[in-house]
Number of protein chains: 2
Amino acid sequence: MKENKKINPHPYIERYDLERIFPEEFIPKVTVYTFTKGDVLFAPGETLNDMYLLVEGKIKIFTLTPEGKSLINRFKRPLGVVGDVEYVKGNSVINSVEAVSDGVMLAASFEDLKVLERNHPPFIRFLLETVAHKFYSESQASSLHMLYPVEVRLASYFLSISSDGEGTLFHQEMRTANLTELAEWVGTSYRHLNRVLKKMVSDEIIERANGSIKIKDLEKLRDLANGNIYE
Amino acid sequence: MKENKKINPHPYIERYDLERIFPEEFIPKVTVYTFTKGDVLFAPGETLNDMYLLVEGKIKIFTLTPEGKSLINRFKRPLGVVGDVEYVKGNSVINSVEAVSDGVMLAASFEDLKVLERNHPPFIRFLLETVAHKFYSESQASSLHMLYPVEVRLASYFLSISSDGEGTLFHQEMRTANLTELAEWVGTSYRHLNRVLKKMVSDEIIERANGSIKIKDLEKLRDLANGNIYE
DNA sequence: TTCCGGAAAGGACATATGTCCTAAAGCCTT
DNA sequence: AAGGCTTTAGGACATATGTCCTTTCCGGAA
């Protein structure tokens, strides 16, 4: 990820209505960074000096164990925030962050934010809401993971991305690029994911054809997910 | 839980240095509640009108599934906060909350807090730090749960409560009252917990004598926990 | 002291999930 | 079209964990 002075932050500030958190005078202090698919954006242990707002693209936050296992904590799209908790708690980066697509971030230094926080209440309110929401969804996901088997979590995931009613099909549209990633997201092994998918096919809940997955029976899927929805 | 007008909130406010978040004028708006061991303090779905500060006693936050399984999300001791996320996000109570011992809470209405928030920045800073910390530890615990087997989580738990160095013994001192509760805390069944405990005994990591558990080999425990510590 | 219910301990068996491995299919690149 | 890499599929087996049940133990109520 690197600073990109050619890009003007203003369009993003308007698009995401950031004037509410960054007053006019603050905007010159905002830096624009661009990143490329696959970039490692942050690594655990790293010390952060800026907070970032994701305004374009998609990134994933994940945990790597010493043993090499990997677990996706969450995906972020605009307007995701990175470094908020580090800013508040003053600790170093906890998880790995990687770019899933090309994208753009706006950055503001902790130092500047400290001043902003003092003079501009809406900013801290924004932070508070951001963190509260992160806590809320983390907490939901955590319970879901602890209490239900992969099949249920997977059903829940499918529901969460099939927007609303129709037996939506998500082809390349699936939010995870491939099955390996999906496995890391649901928190299981590729092998097991495959097993569960197979079962869902034989239960006539989904259909699979060359890599694409289609929901066949939304009702059954709902039953299975049992009211649990990611996010 | 019920209001208790006989109790003066001031000693608590001093003990926990709450003047920093509640200015003098606000204190008359604080209500004192007392509760008794076993009380159900809050139930999921309930609408909250107040935020609570736990100033005495111990409570547990847990999730109950429709199937009747139960999972302890966390314990709280003073100065724990309940209802902060609900205040910020405006949603209803997410988890069940139950008193583990007798105790006391200070309450302030959301309505009053809204005013306070506007006039007294330290309060919102306090909230932000509280929520950030909750998120941080929830996130750690969640990864730990997803990535490691019960044995590791248990080792981690033992470490977290054995304060520091010495092969501390925790008898009735164990933060969970009994093995059933410990199982819910580690997120497993009683049966399996027992199995793992037995293994730890035969590995000479701990010793068991009539309900008490003693750490025998702190080094092995550390190896096992593998750098993971709750909280 | 006797009786009862809950907590502890663990056997037997079922299920969920992980690890290792092999084969086939798909897709680039040359 | 041929090779090589990644992704998909799934067999075989091992391990982690859950469910159900029985026995024993212990402290409090009668």
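Here is how names work: the chains are called A, B, and so on, in the same order as the sequence lines, proteins then strands, and each is numbered from 1.
- Spacing between atom CG of B:N194 and atom P of C:dA12 amounts to 16 Å, rounded to whole angstrom units.
- Bending across the helix from C:dT1-D:dA30 to C:dT30-D:dA1, expressed as the angle between its end axes from five pairs apiece, amounts to 30° (10° rounding).
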Side chains of residues 96-107 of chain A: which donor-acceptor partners sit under 3.5 Å, not counting sequence neighbours?
residue : atom : partner : partner atom : Å
A:S101  : OG   : A:K58   : N            : 3.0
A:D102  : OD1  : A:K37   : N            : 2.7

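- A cation-pi arrangement, defined by a distance under 6.0 Å to the six-membered ring centre and an angle within 45 degrees of its axis, is present between B:K89 and A:Y136.
- Separating the CG atom of A:N178 from the P atom of D:dA9 is a distance of 12 Å, rounded to the nearest angstrom.
- Shown here are the ring pair (Phe, Tyr, Trp, His ring centres under 6.0 Å) partners of B:F42, two or more places apart in sequence or in another chain: B:Y52.
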Mind listing the N/O atom pairs, protein and nucleotides 17-21 of chain D, below 3.5 Å?
residue : atom : partner : partner atom : Å
D:dT17  : OP1  : B:V150  : N            : 3.2
D:dT17  : OP2  : B:V150  : N            : 3.2
D:dT17  : OP2  : B:H192  : NE2          : 3.1
D:dT17  : O5'  : B:H192  : NE2          : 3.4
D:dG18  : OP2  : B:T188  : OG1          : 2.4
D:dG18  : OP2  : B:S189  : N            : 3.0
D:dG18  : OP2  : B:S189  : OG           : 3.1
D:dG18  : N7   : B:R195  : NH2          : 2.8
D:dG18  : O6   : B:R195  : NH1          : 2.9
D:dG18  : O6   : B:R195  : NH2          : 3.3

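- Residues meeting the side-chain contact (heavy atoms from CB on, under 4.5 Å) test with B:P66, sequence neighbours left out: A:Y148, A:N226.
- Between A:K199 and A:E151 a salt bridge is recorded (basic side-chain N to carboxylate O distance below 4.0 Å).
- The salt bridge (Lys or Arg N to Asp or Glu O under 4.0 Å) test applied to A:K69 returns no partner, not counting sequence neighbours.
- Within residues 197-204 of chain B, the residues that place at least one heavy atom under 4.0 Å from DNA chain C are, in residue-number order, B:K198.
- The distance between atom CG of A:L182 and atom C1' of D:dT7, rounded to the nearest whole Å, is 14 Å.
- The separation between B:H145 atom NE2 and C:dA16 atom P is 21 Å, rounded to whole Å.
- Annotation: side-chain contact (heavy atoms from CB on, under 4.5 Å) contacts of B:R74 (sequence neighbours excluded): A:F135, B:I61, B:K76, B:N95, B:K134, B:E138, B:W185.
- For residues 40-51 of chain B, no residue pair satisfies the salt bridge (charged side-chain N to carboxylate O under 4.0 Å, His left out) rule, not counting sequence neighbours.
- Residue A:R208 places its side chain closer to D:dA9 than to any other of C:dA8, D:dA9, D:dT8.
- Listed by first then second residue, pairs satisfying ring pair (Phe, Tyr, Trp, His ring centres under 6.0 Å) with a partner in residues 82-107 of chain A read A:Y87-A:F110, not counting sequence neighbours.
- A:S70 meets the side-chain hydrogen bond (donor to acceptor under 3.5 Å, both in side chains) test with A:E184; sequence neighbours excluded.
- Every residue two or more places apart in sequence or in another chain was checked for a salt bridge (Lys or Arg N to Asp or Glu O under 4.0 Å) with B:E67, and none qualifies.
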